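Right, one structure below, let's go through it.
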Number of protein chains: 2
Amino acid sequence: MRNHQATIIDIAKTLNLSKSTVSRALTGHPNVKAKTRERVLEMADQLDYQRNQLAISLLTNRTQTIGIMVPEFLSPFFPRVIIGAQDVLAQAGYNVIICHSNESYATEIVNARLLLASRVDGILVSHTKDTRNFEHFKIFERKGIPVVFFNRIVDELDVSKVAVDDYEGAYRAVEHLINTGKRRIAHLSGPDSLLNSRDRLNGYRDALTDNQIPIDPALIISYDLTLDKANIYVNHLLNLPQPPDALFAINDPTAIEALKVIKNRGLRIPDDIAIVGFSDDPVSALIEPGLTTVAQPVDDIGRQAARLLLNQLAAEEDRPASELVVLPTRLIIRGSTSSAPLPGNPY
Amino acid sequence: MRNHQATIIDIAKTLNLSKSTVSRALTGHPNVKAKTRERVLEMADQLDYQRNQLAISLLTNRTQTIGIMVPEFLSPFFPRVIIGAQDVLAQAGYNVIICHSNESYATEIVNARLLLASRVDGILVSHTKDTRNFEHFKIFERKGIPVVFFNRIVDELDVSKVAVDDYEGAYRAVEHLINTGKRRIAHLSGPDSLLNSRDRLNGYRDALTDNQIPIDPALIISYDLTLDKANIYVNHLLNLPQPPDALFAINDPTAIEALKVIKNRGLRIPDDIAIVGFSDDPVSALIEPGLTTVAQPVDDIGRQAARLLLNQLAAEEDRPASELVVLPTRLIIRGSTSSAPLPGNPY
DNA sequence: CTGTTAGCGCTTTCAT
DNA sequence: ATGAAAGCGCTAACAG
């Protein structure tokens with residue numbers, strides 16, 4: 001059974017004060033006699049009083065709560081982003097509600113409604129791979145609730161965004177493969193609905209073209225990020241009449257799945273086929289061989305996104321112009337592309 | 001700038017109705033003319049109306065929100081538990097606020113206050129390794145807000161709890177090491193403040209004793225789960241005059257850290273030294289050699305904890321008796337203890 | 001079927 | 001320095 005939760009009225013009654021005075025004492029208003037404040041504080045403590053944030057939020061139209069929407073958080077990427085964001089937001093006095101949509105567009109819409117009903121003051125979003133309509137985010141904009149996209153960002157919304165330089169990261173990765181002598185470089189790409197997926201694909205293409213390597217459409221496979229599909233596609237690539245001598249994967253989980261398949265088939269990595277991933281998930285340093293990968297500043301993505309949101313929140317009057325932050329990536333070379341790791345390489 | 005958010009009063013005014021009628025139409029109350037309901041719904045849609053959950057919560061004294069407190073969520077364990085719990089809770093119409101205390105007792109207390117002020121209907125808790133005083137959880141109990149502990153549970157609170165059979169899991173793991181011929185089995189244990197740490201230690205001890213192997217205190221090291229310390233302790237163990245021939249680690253991250261140290265020193269696994277972890281983090285199957293580990297039903301821990309909480313929530317009158325659920329573990333044998341994996345082993 | 005009224009817990013004028 | 005009263009958005013009696 002739910003017990004009665006102490007309210008300022010309870011404190012007021014016991015102390016023979018008005019609730020106004022109690023409220024003032026509790027919030028640190030100057031116009032309260034020191035003695036009175038002391039008595040109020042003591043009684044509040046004694047009654048296990050906790051201010052009811054709901055009532056305050058209803059009054060002020062501010063919940064001090066930020067919603068974070070991510071497509072999943074089983075892989076280590078999004079939890080790390082969330083931790084970074086939460087750190088910055090907590091410092092500014094904001095709480096956080098986390099929603100994960102499990103890569104489902106329908107769930108994402110439900111979650112958006114939920115955050116709207118919870119009256120969050122702003123949201124941080126990385127959309128699902130199936131999201132092509134962004135109407136449910138525009139509602140926030142119309143209501144003046146700031147939205148910041150991160151990692152998976154969208155052109156068609158005029159909001160602040162944080163991304164990494166996916167094009168550049170992909171370009172450098174493929175360039176590295178070319179430098180190690182690879183020529184038939186396959187790309188296991190993500191769905192076309194994701195901008196970062198398209199950017200990485202473009203980086204891959206341009207790196208090949210700039211190095212006079214023709215693009216072979218048979219070596220480019222776009223898939224929906226479901227790992228068992230990755231398995232199928234890697235096998236498909238290896239069964240080609242002219243199989244690839246290198247694979248650039250859209251992300252680390254995909255690369256690791258590929259690595260497993262390739263090892264199972266008894267091929268040598270990187271001699272028969274080299275592999276590069278994207279993100280530098282912690283696993284990538286632990287597996288054998290270590291996975292060469294494009295590292296993203298994961299924490300920073302969250303921190304920056306939170307800061308952009310705070311910028312929007314700070315503006316009392318009309319919304320400040322939206323900002324775009326693009327963070328750099330860093331190629332980390334490990335055994336999956338280089339049998340003799342460079343000396344001095346910290347990995 | 002924050003725009004005005006449509007309220008039922010806005011709808012009522014535009015339609016020349018009373019707000020009660022609008023409220024009834026919106027909540028699906030039967031006593032509304034079909035035509036009226038239709039007009040209300042249409043106008044609500046047109047105005048981007050979203051019910052204000054704050055107002056309802058203030059009225060009903062129910063927020064339909066559950067707080068989940070975890071010590072960290074960088075390792076994959078807690079995110080997986082949270083996903084399981086969230087799944088069950090969402091089905092019952094509850095939202096979730098996630099707090100992580102970063103293994104800090106002080107942060108945990110702050111988070112508890114926060115959840116109290118947010119008026120959550122219940123909480124799921126796994127406490128920090130530094131939590132020895134549980135007063136901040138007793139406040140919930142006093143207010144009649146149900147609390148369920150999971151994974152890291154506590155004897156001194158009379159609440160529902162979900163754990164795995166840590167003792168049994170540890171016992172079987174050590175027994176397995178003995179069966180493979182190991183005799184000097186070290187244990188890298190967790191802090192004494194965690195019950196599951198103590199239980200695993202007891203399982204380790206009893207397995208040795210039952211097999212007539214004397215317990216050597218020099219081989220038991222209790223540490224604070226900070227991975228760089230694990231590194232130091234593993235080196236320390238290997239430097240002993242009589243180094244261990246096997247290591248049972250409190251969890252997989254510790255085991256993997258040990259594995260790295262041991263490989264770096266050029267020792268053979270499992271011949272020179274075998275390793276067993278605890279939890280079966282996904283990494284454990286990917287590293288080389290694969291890590292033998294005690295698997296926990298991670299999803300189920302979250303689901304069960306959520307169910308126990310719903311049981312408490314469902315009870316209108318006095319609180320139902322608290323329940324204890326102990327889930328089984330399963331030993332998964334991989335290369336770190338067995339150079340020739342058993343045929344038919346799915347891993 | 002619809003309108004009126006009270007009140008959830010709190011902050012904030014406006015009086016005193 | 002303190003009290004009285006209004007009101008945030010909503011639901012739920014209570015009237016009609």
Side-chain angles (χ1 to χ4, degrees), chain A residues 2-41 43-44 47-65 113 116-121 143-145, chain B residues 2-41 43-44 47-65 116-121 143 145:
Chain A
R2 189 72 150 254
N3 302 328
H4 178 71
Q5 298 234 38
T7 70
I8 53 170
I9 300 192
D10 295 322
I11 300 180
K13 275 192 189 147
T14 355
L15 258 38
N16 256 321
L17 288 168
S18 78
K19 60 175 185 168
S20 319
T21 306
V22 174
S23 169
R24 282 192 270 259
L26 253 21
T27 51
H29 191 96
N31 279 356
V32 182
K33 195 161 55 172
K35 184 69 184 291
T36 309
R37 160 166 299 124
E38 202 176 301
R39 286 169 62 215
V40 169
L41 258 33
M43 182 55 67
L47 295 179
D48 268 345
Y49 170 81
Q50 296 284 343
R51 74 206 302 247
N52 188 333
Q53 184 60 45
L54 295 170
I56 300 171
S57 296
L58 185 57
L59 208 53
T60 59
N61 204 23
R62 289 259 176 283
T63 54
Q64 299 291 55
T65 300
R113 260 191 224 311
L116 234 23
S118 302
R119 292 299 199 265
V120 291
D121 292 341
K143 291 183 188 288
I145 301 173
Chain B
R2 189 72 148 255
N3 303 329
H4 177 72
Q5 298 235 33
T7 70
I8 53 171
I9 298 191
D10 295 323
I11 301 179
K13 275 191 189 146
T14 354
L15 257 38
N16 257 320
L17 288 168
S18 77
K19 59 176 186 167
S20 320
T21 306
V22 174
S23 169
R24 282 192 274 260
L26 253 21
T27 51
H29 191 96
N31 281 354
V32 182
K33 196 162 55 172
K35 184 69 185 289
T36 309
R37 158 165 303 124
E38 203 176 300
R39 286 170 62 216
V40 169
L41 258 32
M43 182 56 66
L47 297 178
D48 268 345
Y49 171 80
Q50 294 287 341
R51 74 207 300 247
N52 189 332
Q53 184 60 45
L54 294 169
I56 299 171
S57 296
L58 185 58
L59 208 52
T60 60
N61 204 22
R62 290 260 177 284
T63 54
Q64 298 292 56
T65 300
L116 234 24
S118 302
R119 292 297 198 267
V120 291
D121 291 342
K143 292 185 188 288
I145 301 172

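All heavy atoms count here, side chains included; hydrogens, waters and symmetry mates do not. Naming convention: chains lettered A, B, ... in sequence-line order (proteins, then strands); numbering from 1 in each chain. The model shown is predicted, which means the values in this text are computed figures rather than measured ones.
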With a non-hydrogen cut-off below 4.0 angstrom, is [X] in contact with a base, only sugar-phosphate, or nothing?
X       : result
A/Thr7  : sugar-phosphate
B/Ile56 : sugar-phosphate
B/Thr36 : sugar-phosphate
B/Leu17 : sugar-phosphate
A/Asn16 : sugar-phosphate

Problem set entry | 5' precedence on DNA chain C between B/Leu59 and B/Arg119 (nearest-nucleotide basis) |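 By nearest-heavy-atom nucleotide position, the 5'-most residue is B/Leu59.
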Reckon [X] has a side-chain N or O less than 4.0 Å from the OP1 or OP2 of [N]?
X       : N      : value
A/Ser20 : D/dA5  : no
A/Asn31 : D/dA1  : yes
A/Arg51 : C/dT11 : yes
A/Thr27 : C/dT11 : no
B/Thr21 : C/dT2  : no
A/Ser23 : C/dC10 : no

[X] [atom1] to [N] [atom2]: how many Å, rounded?
X       : N      : atom1 : atom2 : answer
A/Gln53 : D/dG9  : CD    : C1'   : 16 Å
A/Ile8  : C/dG7  : CD1   : C1'   : 14 Å
B/Leu15 : C/dT2  : CG    : C1'   : 13 Å
A/Leu58 : D/dC8  : CG    : C1'   : 4 Å
A/Arg24 : C/dG9  : CZ    : C1'   : 16 Å
A/Gln5  : C/dG9  : CD    : P     : 9 Å
B/Leu26 : D/dT11 : CG    : P     : 7 Å
A/Arg39 : D/dA1  : CZ    : P     : 15 Å

Problem set entry | Earlier contact from the 5' end, DNA chain D, for A/Lys19 and A/His29 | A/His29
Exercise. To the nearest 0.5 Å, how far apart are CG in B/Asp121 and OG1 in B/Thr60?
Worked result: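 Here the rounded value is 8.0 Å.
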Problem set entry | Spacing of B/Thr14 atom OG1 and B/Ile9 atom CD1 [to the nearest 0.5 Å] | 11.0 Å
For this session: State whether the side chain of B/Lys19 and the backbone N or O of B/Asp10 hold a donor-acceptor pair below 3.5 Å, judged by distance alone.
Result: no
For this session: Could you tell me whether a side-chain N or O of B/Arg51 sits under 3.5 Å from a main-chain N or O of B/Ile56, the two making a donor and an acceptor?
Result: no
For this session: Check whether any side-chain heavy atom of A/Ile145 sits under 4.5 Å from a side-chain heavy atom of B/Gln5, and report yes or no.
Result: yes
For this session: Give the nucleotide from the list C/dC8, C/dG3, D/dT2 with an atom nearest to the side chain of B/Ser18.
Result: C/dG3
Problem set entry | Distance-only donor-acceptor check, side chains B/Ser23 and B/Ser20, under 3.5 Å | no
